[in-house]
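Please read the structure below before turning to the comments.
Atoms within a ligand are numbered from 1 in the order they appear, just like the ligands themselves.
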Amino acid sequence: MSDAGAERDVVIAGAGVVGAAIARELSHFKLRCTLIDGARDVGARTSKANTALLHTGFDAKPGTIESRLVRRGHELLREYAPRAGIPLERTGALLVAWDEPQLHEFAGIVARARANGYAAIREIGIEELYRRERHLGAGARGALEVPDEGIVCPFTTPLAFATEAVLAGCELRLDEPITDIERSADGRLRVHTSAGALTTRFLVNAAGLHSDELDRMLGHDGFTVTPRRGELIVFDKLARGLLQHILLAVPTATTKGVLLAPTVFGNLLLGPTAEDVPDKRDTSSTRAGLSYLRAQGERIMPALGDHEVTAVYAGLRAATEHADYQIAIHAAEGYACVGGIRSTGLSASMAIAEHVRAELGAAGLPLAPKQPRATARMPNIGEASPRPYARAERIAERADYGHIVCFCERVTRGEILDALAAPIPALDLDGLRRRTRVLMGRCQGFFCGAHVAALLADGDRGDGAL
Ligand SMILES: Cc1cc2nc3c(=O)[nH]c(=O)nc-3n(C[C@H](O)[C@H](O)[C@H](O)COP(=O)(O)OP(=O)(O)OC[C@H]3O[C@@H](n4cnc5c(N)ncnc54)[C@H](O)[C@@H]3O)c2cc1C
């Protein structure tokens, strides 16, 4: 299927949600594409550690590329997700003001939403707010409703994009960091990796936190990525009933503030913090960050304090000195920079891909459509979708779907074996987690960890030994 080894039309550096979306978009055309990542899996960096909101872009800075692409990305992902098996829910958001100055910000927020083409935002009264969110902490002064904000699965989304690309013939190279890029005399680019080199006509830099470094390899110097760490707390599923909508904070000049949101897996998520850190690998959680979130959570929803924390994690936004994405197409150089996709890249991913495809077409990349188009149908791991253990027809089809391995998330042996044999297979426990939810429940693998590790070690033999 993939034509590995040949000279490439396009190399996409970075298989996060942005690079995977671009690979999917380009795989619809008769092109020789390679999607390449230094990590062992697709979506294994910032794209796996975010708040997973599907933003409407109501609060983006009007006139920016980000505002346009988030709005369009929302539209595209909402349409694509049900087809591809990506869990997505339109919960709506309530942006809550807790004091008089925050209340005064409302007029500006509504004006900004309208300038971004989003007119459905509206102010609701205190009575309605507390009727709709019965567990909201005391003292709220007012709220804006943003009915189209939603939640989406951050794990399935990049995997679906990359799977579709691979099924359409895109070459996927993992665990192969790009170490250097040079220009050949004929104008092509020579991409050096830990496993050799490949030649390409076009290079797309979707390297997230490292997009500035790749940009410099190509002789540009337009931006520097400073990782902005966001810590988050995941609450147990028993807390889910406390909350109906995403609860947003009134943003300040520097942060969107701490939010409380449901997840598509049936948990509640509190966060994120926003702290610039020097190290691009520093995804540690800190005592100070978690205490800050706890204090914020107590005010937003005091009843949260009675609920167990399932996990904490942190992600790094690829923040730059600029207030917009760093997207630039250098047509004559065969180079597209798609860097600095800070805090809305999951929502905007499909629109970024659409934009990059159009720009590369204008830059001379021949775009002859492939027929028929490959499609990916992913296992839906969202709480709203019945899992195989609860579906008699799936168990009849394969007895392994009736054999639960992870009782917290009700993941079956059949789903684990499927993930090990998928077009982009899980290679480690982290990959299995993101494909099946195994080890992600309230026991965090205490009960089933050894069993899952043995299944992983056995590969996809499915010999019924465990
Ligand atoms: C705390 C937090 C909350 C967020 N909340 C939301 C949200 O609610 N909604 C939303 O839409 N967005 C949100 N985001 C933003 C979103 O997660 C990012 O915009 C998105 O994941 C960026 O994707 P990416 O593909 O650009 O980067 P990444 O996912 O980081 O992918 C870049 C890839 O490039 C690879 N790479 C880097 N250097 C090299 C190299 N030299 N060679 C080969 N490969 C390389 C990396 O291994 C990585 O896999 C949030 C982010 C954070 C941190």
Side-chain angles (χ1 to χ4, degrees), residues 11-23 34-57 60 66 69-70 73-74 77 93 149-155 157-158 161-162 173-181 191-195 203-217 225 227-232 246 248 255-256 258-259 261 263 269 271-275 277 280-281 283 285 289 293 313-319 325-327 337-353:
V11 167
I12 301 137
V17 72
V18 171
I22 295 168
T34 293
L35 175 62
I36 190 163
D37 204 296
R40 288 190 81 204
D41 202 357
V42 167
R45 294 290 182 256
T46 296
S47 295
K48 75 167 183 183
N50 52 44
T51 321
L53 302 190
L54 178 63
H55 295 294
T56 55
E66 181 175 14
L69 296 183
V70 173
H74 178 276
L77 191 50
E149 293 274 303
I151 52 178
V152 64
C153 177
F155 312 130
T157 306
F161 294 156
R173 295 189 181 199
L174 295 171
D175 207 6
E176 199 176 319
I178 293 171
T179 50
D180 198 10
I181 305 166
V191 181
H192 296 272
T193 76
S194 58
L203 178 93
V204 177
N205 169 6
L209 291 164
H210 300 277
S211 51
D212 55 343
E213 294 158 37
L214 261 68
D215 200 52
R216 288 200 180 97
M217 286 178 195
V225 171
R228 185 161 300 151
R229 183 169 58 193
E231 298 181 48
L232 292 121
I246 300 159
L248 299 172
T255 164
K256 283 179 191 252
V258 172
L259 60 88
T263 73
L269 199 56
T273 54
E275 180 198 0
V277 293
K280 289 181 177 177
R281 292 160 305 173
T283 51
S285 297
L293 290 180
Y313 65 90
L316 299 172
R317 307 167 185 88
Y325 295 166
Q326 292 305 294
I327 299 185
C337 179
V338 191
I341 314 290
R342 310 158 296 162
S343 37
T344 48
L346 173 60
S347 307
S349 52
M350 293 186 81
I352 295 173

Practice task
Could you list which atoms of ligand 1 come closer than 4.0 Å to a heavy atom of Leu214?
Solution key: 41 (N)
Completion exercise
Contact region, Ala206 to ligand 1, non-hydrogen atoms below 4.0 Å, reads backbone
Handout entry: atom 27 (O) of ligand 1 - nearest protein heavy atom and its distance
Key = Gly208 CA, 3.7 Å
Practice task
With the side chain counted from C-beta on, respond yes when Leu53 and Leu248 share a heavy-atom pair under 4.5 Å apart, and no when they do not.
Solution key: yes
Fill in the blank from the handout: Rounded to the nearest 0.5 angstrom, the CG-CE distance for Asp212 and Met217 is 10.0 Å
Exercise for the section: Indicate yes or no: at least one non-hydrogen side-chain atom of Thr283 is less than 4.5 angstrom from one of Leu316. Expected result: yes
Practice task
Pull out every atom of ligand 1 sitting under 4.0 Å from any heavy atom of Gly14, numbered as shown with elements.
Solution key: 33 (C), 34 (O), 35 (C)
Problem - Which residue and heavy atom of the protein sit nearest atom 26 (O) of ligand 1, plus the separation - result: Val18 CG2, 3.5 Å
Fill in the blank from the handout: Of Arg317, Arg342, Met217, the residue with the heavy atom nearest atom 53 (C) of ligand 1 is Arg317
Practice task
Please say whether His210 places an N or O atom under 3.5 Å from an N or O atom belonging to ligand 1.
Solution key: no
Completion exercise
Going by the 4.0 angstrom heavy-atom rule, the piece of Ala52 near ligand 1 is backbone
Problem - Heavy-atom check, side chain of Tyr325 versus side chain of Thr344, under 4.5 Å - result: yes
Completion exercise
Taking only non-hydrogen atoms of Arg45 and a 4.0 Å limit, the atoms of ligand 1 in range are 30 (O), 46 (C), 47 (O), 48 (C), 49 (O)
Handout entry: Heavy-atom side-chain contact between Pro272 and Arg317 under 4.5 Å
Key = yes
Handout entry: Pairwise side-chain contact, Ile327 with Ile341, heavy-atom cut-off 4.5 Å (strictly under)
Key = yes
Problem - Leu232 side, atom CG; Leu293 side, atom CG - distance, nearest 0.5 Å - result: 7.0 Å
Exercise for the section: Identify, by atom number and element, the atoms of ligand 1 in contact range of Gly315, meaning under 4.0 Å from any of its heavy atoms. Expected result: 53 (C)
Practice task
Look at ligand 1 and say whether Ala49 reaches it with a heavy atom at a distance under 4.0 Å.
Solution key: yes
Exercise for the section: Could you check atom 6 (C) of ligand 1 against the protein and tell me its nearest heavy-atom contact, residue, atom and distance included? Expected result: Ser343 O, 3.5 Å
Practice task
Would you mind running through ligand 1 and noting each atom that sits below 4.0 Å from a heavy atom of Val17?
Solution key: 20 (C), 21 (O), 23 (O), 25 (O)
Completion exercise
Candidates Ile151, Asn50, Leu53; heavy atom nearest atom 8 (O) of ligand 1 found on Leu53
Completion exercise
Ranked by distance from atom 40 (C) of ligand 1, the top protein heavy atom is Ile178 N, 3.7 Å
Practice task
Return the residue, atom name and 0.1 Å-rounded distance of the protein heavy atom closest to atom 46 (C) of ligand 1.
Solution key: Asp37 OD1, 3.4 Å
Exercise for the section: Output the list of atoms in ligand 1 that are nearer than 4.0 Å to some heavy atom of Ile341, sorted by atom number. Expected result: 18 (C), 19 (O), 22 (C)
Exercise for the section: May I ask you to identify the nearest protein heavy atom to atom 29 (O) of ligand 1, giving residue, atom name and distance to one decimal place in Å? Expected result: Ser47 OG, 2.5 Å
Exercise for the section: Using a strict 4.0 Å cut-off to heavy atoms of Pro177, name the atoms of ligand 1 that fall inside it. Expected result: 42 (N), 43 (C)
Completion exercise
Taken in chain and number order and not counting sequence neighbours, the residues that satisfy side-chain hydrogen bond (donor to acceptor under 3.5 Å, both in side chains) with Arg45 are none
Problem - Which of the ligand 1 atoms, numbered from 1, are nearer than 4.0 Å to a heavy atom of Ser347 - result: 9 (N), 10 (C), 11 (O)
Problem - Pair Glu149-Thr56, side-chain donor/acceptor within less than 3.5 Å - result: yes
Completion exercise
Closest to atom 37 (C) of ligand 1 among protein heavy atoms sits Ala207 O, 3.3 Å
Practice task
Establish, from distance only, whether the side-chain atoms of Gln326 and Ser211 form a donor-acceptor pair under 3.5 Å.
Solution key: no
Handout entry: Side-chain heavy atoms of Ile12 within contact of Thr34, under 4.5 Å
Key = no
Practice task
Report yes if the side chains of Arg40 and Leu174 come closer than 4.5 Å at any heavy-atom pair, otherwise no.
Solution key: no
Problem - Side-chain heavy atoms of Ile36 within contact of Val191, under 4.5 Å - result: no
Fill in the blank from the handout: closest protein heavy atom to atom 43 (C) of ligand 1 is Gly38 N, 3.2 Å
